[in-house]
Amino acid sequence: MSDNPYLAHRHPTQRGVVPSGSSLSTKEPLYGFLPRNVTGAQVRTAMEQEINPFTKLPLSAQYKKILEMRRKLPVYSQMDDFFKMFSANQIIVMVGETGSGKTTQIPQFVAYSDLPHTKGKLVACTQPRRVAAMSVAKRVADEMDVQLGRQVGYSIRFEDMTEPGTTFLKYMTDGMLLREAMNDPNLDRYSTIILDEAHERTLATDILMGLLKALAKKRKDLKIIVMSATLDALKFQKYFGLTSDTAAPLFKVPGRTHPVEVFYTQEPEPDYVEAAIRTVLMIHRAEDPGDILLFLTGEEEIEDACRKIKLEADDLVNQDSDSVGPLVCIPLYSSLPPQQQQRIFDPAPSARTPDGPAGRKVVVSTNIAETSLTIDGIVYVVDPGFSKQKVYNPRIRVESLLVSPISKASAQQRAGRAGRTRPGKCFRLYTEKDFMTELEEQTHPEILRSNLSNTVLELVKLGIKDLVRFDYVDAPAPETLMRALELLNYLAALDDDGNLTPLGAIMAEFPLDPQLAKMLIVSPEFKCSHEMLTITAMMSVPNVWIRPNNQRREADAAKALLTVPDGDHLTLLNVYNQYVQNMHDKNWAWQHYLSQRALAQADNVRAQLQRTMERFDVDLISLADERKLYVNIRQALVCGFFMQVAHKEGEKGNYLTVKDNQVVGLHPSCGLDNQPDWVIFNEFVLTTRPYIRTVSDVKAEWLIEFATNYFDLSSFPDGETKQALQRVVNKKAGKSSGRVDGGDARNSKKQKKNHK
DNA sequence: GAGCACTGC
């Protein structure tokens, strides 16, 4: 409070209430404001003064210009109703369609009501994506006529653009707020928390909803606003109702978009890519000027479709250049370099002759254009009705991507992309009947489609005792929770009663999957923590290898030069080290067919992980003897990934995963120069057939020594794998092992038996 | 002998 000039200098004795009857009243923009009891009229008056109520500085011309625009937003005209509802309720559900202005305006309204700056508190507004948190914060700082990072700021991974004591309105990623909650379960710094884009149902937002619902009962002073799209509102209202049969109040704001006419096909389309190409060309020939957005499922499909559209469009132009204009086709997916992604904002090609037919731009995109990126000027949307979606099978512990039908909500979102600048049309390549009867209402929330080992560790760290009975908006399958608990128990992050161990508490502090966190924390015992830090960082960023279609051989040759034959993990280490030795040179990366973007990310992640290691006194050490070092690295890998081991089966190059007995092959990208008996893998991918990817050679002795519990033979199904292990155990009998078990590195004690 | 929907800490 003392660092607040407003209170400290003028009204030091009043707590959070701006006094009335003061002689300063005429100059005081917040005169008479009672926290959480302000009216729309009061706020509008304050906004129109000459003095910025939060900085005491004169308001700029730009502020006044922006205020003019803000007044036209649908949400602005409902200010009175908003303040009434906000004053009277602890939790509000709000729906505001695209263009309502909710993301920029509501947090400001809340700031005028909460007056967080007078109490040393903050108003937080979460976003699912970093770019959104940054760009909205910038916009709102402009609207409030303050410098970004002062009164208004943002907080995302790698960047905290806030000033403690000054910032009172903070945009942040949902994951960032969840991290904060792990160390401050009451979230005491916040007076109001706004969860924006709740309908996207990210894992972090789902967990936050559960936490905030419980916290609202404990902290009566905490207000919560959940903002979502229309379709989900009732679900959230019921979830956040005070009792089982009352619902949280709904605040509704209309959007500001143009109508979109929707067309369906008469019959189902057997080949959606072919149908999509046909539809794009039909639009180009027959419809008025305006750009087209086509949704497909992945990189290969998109590049392929772009080629075909381009060929056919050129044909059309050649046949009839008097009535068909030029067409450009632009692919869009996340692994494209940013420079190429920018091409979607290029204007459509101009007509060939001054009065010739207009040119047209076609963007062929993954789901990235459904939420993350908006392209202005789109008038036509072609929606085949599919996207790649993550699915998790807890039985075999595998996450995979499957091309699946989209939901109605998703189809609606796609159609909406046609109406951002003027009335548009959406061509759905499925029948209206299928839309009505076959599509699910909502996309399944992420929590139902993911491996939850990370989430479960977070929840336990958050103090949630009974994971099965936690009040989820949608409860995950019990088997998924059991799988997560089992893994965390084997990793010694949780004890046999499900309580967090000291090791688990540290693991939870790392922004990593539990396996990675574990191997990193135990790595000092193997004197290779510098190296494990690098490998962990490299495993936490997108694929560094680039393999252009027309230069596959060159790319493979470049990769061969960097490959370490004992394992892909060592190759990743080598790549990073070479990158650093070559001074992070962009050209070096380019010449070796490596993604400079991914390498730079690895650098960033590595630095963050190193800070976390230092914070918890995890030593950073290396062995000088490289051969011994490479052995130790693979031993440390075993401590994290012992549940992802496969054993060679026969001579055909097939492997059997341990315990699950899935038949898998080494992925063609694997750099091993032979077929070792035992391998440890990072990923199980299900494409043309089941593959394991990022694979290293390990020894059976290590499995038994460093993952004693998991490789307890009495828990093994009979089979070749068990026999092979039995031979190793027999051979080893008589010799004694010197090393401590890899279970709980901190306590250096043997893991307890924990099998059924 | 082949892929990497998209986010997030």
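Each chain gets a letter, A, B and so on, in the order its sequence line appears, and its residues count up from 1.
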Residue Ile368(A), side-chain heavy atoms: nucleotide from dA5(B), dT7(B), dG8(B) that is nearest: dT7(B)

Quiz question: going by heavy-atom distance under 3.5 Å, is there a donor-acceptor pair between the base of dG3(B) and the side chain of Arg547(A)? yes

Mind checking if Asn367(A) touches a base, just sugar-phosphate, or nothing, with heavy atoms under 4.0 Å? nothing

Do the side chains of Glu303(A) and Lys308(A) get close enough for a salt bridge, i.e. N-O under 4.0 angstrom? no

Kindly assign one of parallel, tilted or perpendicular to the pair Phe641(A) and His569(A), based on the angle between their ring planes and the thresholds 30° and 60°. tilted

Tyr691(A) near the nucleic acid: base, sugar-phosphate alone, or nothing, with a heavy-atom cut-off under 4.0 Å? sugar-phosphate

Please classify the nucleic acid contact of Asp556(A) as base, sugar-phosphate, or nothing, using heavy-atom distances under 4.0 Å. base

Please name the residue in the list Asp232(A), Asp474(A), Thr443(A) that meets the side chain to side chain donor-acceptor pair (under 3.5 Å) test with Arg201(A). Asp474(A)

Could you tell me whether Lys461(A) and Glu509(A) have a side-chain N and a carboxylate O separated by less than 4.0 Å? yes

Is Thr173(A) touching bases, backbone alone, or none of the nucleic acid, heavy atoms closer than 4.0 Å? sugar-phosphate

Contact class for Gln389(A) (heavy atom, under 4.0 Å): base, sugar-phosphate, or nothing? nothing

Distance, rounded to the nearest Å, where Trp545(A) contributes CH2 and dC4(B) contributes P: 16 Å

Taking only N and O in the side chain of Arg689(A), is any of them less than 4.0 Å away from OP1 or OP2 of dG1(B)? no

Across the strands shown, which category fits Ile156(A) at heavy-atom distances under 4.0 angstrom: base, sugar-phosphate, nothing? sugar-phosphate

Using a heavy-atom cut-off of 4.0 Å across all strands, would you classify Arg129(A) as base, sugar-phosphate, or nothing? sugar-phosphate

Under 4.0 Å: is that the gap between some side-chain N or O of Arg552(A) and OP1 or OP2 of dG1(B)? no

Under 4.0 angstrom, heavy atoms only, what part of the nucleic acid is Ser387(A) near: base, sugar-phosphate, or nothing? nothing

Under 3.5 Å, is there a donor-acceptor pair between the Thr366(A) and Lys388(A) side chains? no

In whole angstrom, what separates Lys388(A)'s NZ from dC4(B)'s C1'? 7 Å

Quick check for you: among dA2(B), dG8(B), dG3(B), whose closest atom lies nearest to any side-chain atom of Pro668(A)? dA2(B)

With respect to the phosphate group of dG8(B), does any side-chain polar atom (N or O) of Thr202(A) fall under 4.0 Å of OP1 or OP2? no

